2 protein chains.
Amino acid sequence: MTERTRKHTTRPRLCAADWEDCALLTLAESGVAAVAVESLARRLGVTKGSFYWHFPNREALLQAALERWEQNDEREVIAHVEAIADPRERVRELVRQVSHKRPSHAVFAALLKAIDQPLIRPVIERVSQRRLDFVTEAFEQAGFGPTQAANRARLAWSAYVGFVQLAQIRQPRMNHDEFEAYIRDFIEVLIPR
Amino acid sequence: MTERTRKHTTRPRLCAADWEDCALLTLAESGVAAVAVESLARRLGVTKGSFYWHFPNREALLQAALERWEQNDEREVIAHVEAIADPRERVRELVRQVSHKRPSHAVFAALLKAIDQPLIRPVIERVSQRRLDFVTEAFEQAGFGPTQAANRARLAWSAYVGFVQLAQIRQPRMNHDEFEAYIRDFIEVLIPR
DNA sequence: GCGCTACCATACGGCGCAGTATGGTGTGTG
DNA sequence: CACACACCATACTGCGCCGTATGGTAGCGC
């Protein structure tokens with residue numbers, strides 16, 4: 001073979017953050033149950049002897065990973081969108097941002113499925129409440145009264161959550177134009193001129 | 001002891017349908033993963049020796065139980081609602097029916113979480129498509145054009161799916177009046193007069 | 001009242017995962 | 001250059017589940 005056979009070219013030598021990254025990736029791909037110690041170890045090319053040096057147990061890994069996800073990505077999305085002045089355009093941008101599902105939203109979808117687990121529930125609750133408040137405020141600034149704004153925000157947020165779930169089935173797969181038209185109607189219905 | 005010690009007073013003596021019922025109940029309560037042979041056996045007061053007489057394996061039980069759920073309940077809900085002439089009232093009734101979550105909708109929520117499993121996915125796809133078609137037709141009868149009706153149906157169906165998921169977190173728990181007001185706005189937004 | 005069959009118990013092997021114990025190696029620092 | 005520490009491998013126990021094999025019992029027809 002012509003390839004050089006350097007051993008230890010890039011020996012893994014992991015740190016805690018590497019495990020958290022791998023956990024989030026696996027979480028986004030295959031759900032909470034797939035975040036298993038031995039499974040992740042195989043994926044990282046090490047054994048679980050490594051894991052239990054960095055973390056006391058599986059729960060600690062999940063907690064750390066979710067904390068990072070909640071801080072990083074969540075604040076990013078909100079911060080990126082809340083700069084927009086026009087509330088109508090702000091909601092539109094939020095919807096569009098959030099529907100072009102990057103891995104982060106796959107994490108959200110995976111967490112949603114594991115809402116019964118006591119470790120996951122509070123995370124979902126915080127994220128859900130924050131986004132709901134955000135949308136509610138946008139509707140209020142768009143001129144709706146408190147209850148009207150709250151109900152439309154509930155509707156919008158529920159529709160997003162449902163969309164995330166339903167996007168995983170391929171039957172009513174929309175193409176790009178159909179999707180854009182859907183978003184247009186979505187905004188039009190929720191914020192009539 | 002003063003109680004009579006009749007043994008075999010009501011010896012279980014199960015049939016396949018009993019296992020299916022128990023499977024659906026457990027599915028609604030604790031999700032797909034909780035539908036485990038030994039677990040169900042404990043719940044039914046027997047051992048798994050019983051189970052493997054009625055079914056070849058766990059997959060067969062799930063398949064049979066889901067088939068019954070899809071036939072019975074699905075047709076029931078649709079049939080009960082589609083008798084209503086006014087499409088506006090028909091959607092309203094569907095939403096109300098479906099949101100006062102009886103165990104059947106808990107099954108739907110549980111299945112939604114397991115959409116990645118090849119046994120579950122086609123069931124969700126069929127049910128989802130059927131309900132989506134149903135709502136789309138209602139919107140068309142309410143006077144919307146094909147694309148308008150399709151998009152509003154998508155929105156309504158997504159909102160329902162999201163609502164089912166979000167109903168499991170207690171933070172924004174609505175009371176009865178709030179919920180009725182929400183439904184009223186829901187209909188009002190989707191089918192303006 | 002005898003046996004046949006439907007239904008169930010008991011016992012076993014195997015797999016995948018969590019977590020523990022303990023020994024080994026590369027790397028930087030004195 | 002040696003030593004300490006960070007990082008990892010190996011090997012083990014324990015648990016919950018799936019599925020199989022096989023023997024037991026109650027109620028039916030005859």
Side-chain angles (χ1 to χ4, degrees), chain A residues 4-27 29-66 110 113-114 116-120, chain B residues 4-27 29-66 110 113-114 116-120:
Chain A
R4 38 200 165 151
T5 55
R6 278 198 299 162
K7 302 183 179 182
H8 312 135
T9 50
T10 55
R11 67 239 123 86
R13 219 59 175 153
L14 308 174
C15 66
D18 295 325
W19 284 95
E20 296 172 13
D21 288 338
C22 188
L24 283 177
L25 195 62
T26 305
L27 177 58
E29 288 173 2
S30 314
V32 176
V35 183
V37 176
E38 287 171 318
S39 174
L40 294 184
R42 279 192 296 270
R43 183 167 190 170
L44 286 170
V46 295
T47 67
K48 60 183 179 175
S50 166
F51 175 83
Y52 284 102
W53 192 91
H54 294 286
F55 297 92
N57 51 27
R58 175 181 180 269
E59 195 174 349
L61 170 66
L62 268 178
Q63 218 152 10
L66 291 182
K113 296 179 190 171
D116 39 276
Q117 296 182 29
L119 205 75
I120 310 294
Chain B
R4 38 200 167 152
T5 56
R6 278 198 298 162
K7 302 183 178 182
H8 313 133
T9 49
T10 56
R11 67 244 123 85
R13 218 58 174 154
L14 307 175
C15 65
D18 295 325
W19 284 95
E20 296 172 12
D21 288 339
C22 189
L24 284 177
L25 195 62
T26 305
L27 177 57
E29 288 173 1
S30 313
V32 176
V35 182
V37 176
E38 288 170 325
S39 173
L40 294 184
R42 280 192 295 271
R43 183 167 190 171
L44 286 170
V46 295
T47 66
K48 59 181 179 176
S50 167
F51 175 82
Y52 284 101
W53 193 91
H54 295 286
F55 297 92
N57 50 25
R58 174 180 181 269
E59 195 174 348
L61 170 66
L62 269 178
Q63 219 153 8
L66 291 182
K113 297 181 190 171
D116 39 275
Q117 296 182 29
L119 205 76
I120 309 294

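Lettering follows sequence order; numbering is per chain, from 1. Note that the coordinates shown come from a computational prediction; the quantities given were computed from them, not determined experimentally.
Taking OG1 from B:T47 and CD from B:E38, the interatomic distance works out to 9.5 Å, rounded to the nearest 0.5 Å. A distance of 5.0 Å separates CG of A:L40 from OG1 of A:T26, quoted to the nearest 0.5 Å.
Formation of a donor-acceptor pair under 3.5 Å by the B:D18 side chain with backbone atoms of B:C15 is found in this model.
With a 4.5 Å cut-off on side-chain heavy atoms, B:W19 and B:V46 count as touching.
A close approach under 4.0 Å does occur between a side-chain nitrogen or oxygen of A:H54 and OP1 or OP2 of D:dC8. In this structure, A:R42 reaches the C:dC17 phosphate: one of its side-chain N or O atoms is under 4.0 Å from OP1 or OP2. Listed pair B:R13 / C:dC7 fails the phosphate criterion, with no side-chain N or O lying under 4.0 Å from OP1 or OP2.
The side chain of A:V46 sits closest to D:dA9 out of C:dG19, D:dA9, C:dG26. Closest contact between the side chain of B:Y52 and the listed nucleotides D:dC7, D:dT20, C:dC7 involves D:dT20. The side chain of A:E38 sits closest to C:dA18 out of D:dC18, C:dA18, C:dC7.
For D:dA9, the base has no donor-acceptor partner in the side chain of A:K48 [N/O atoms by modelled type, under 3.5 angstrom].
Nearest-nucleotide positions on DNA chain D place B:R58 closer to the 5' end than the other of B:R58 and B:G49.
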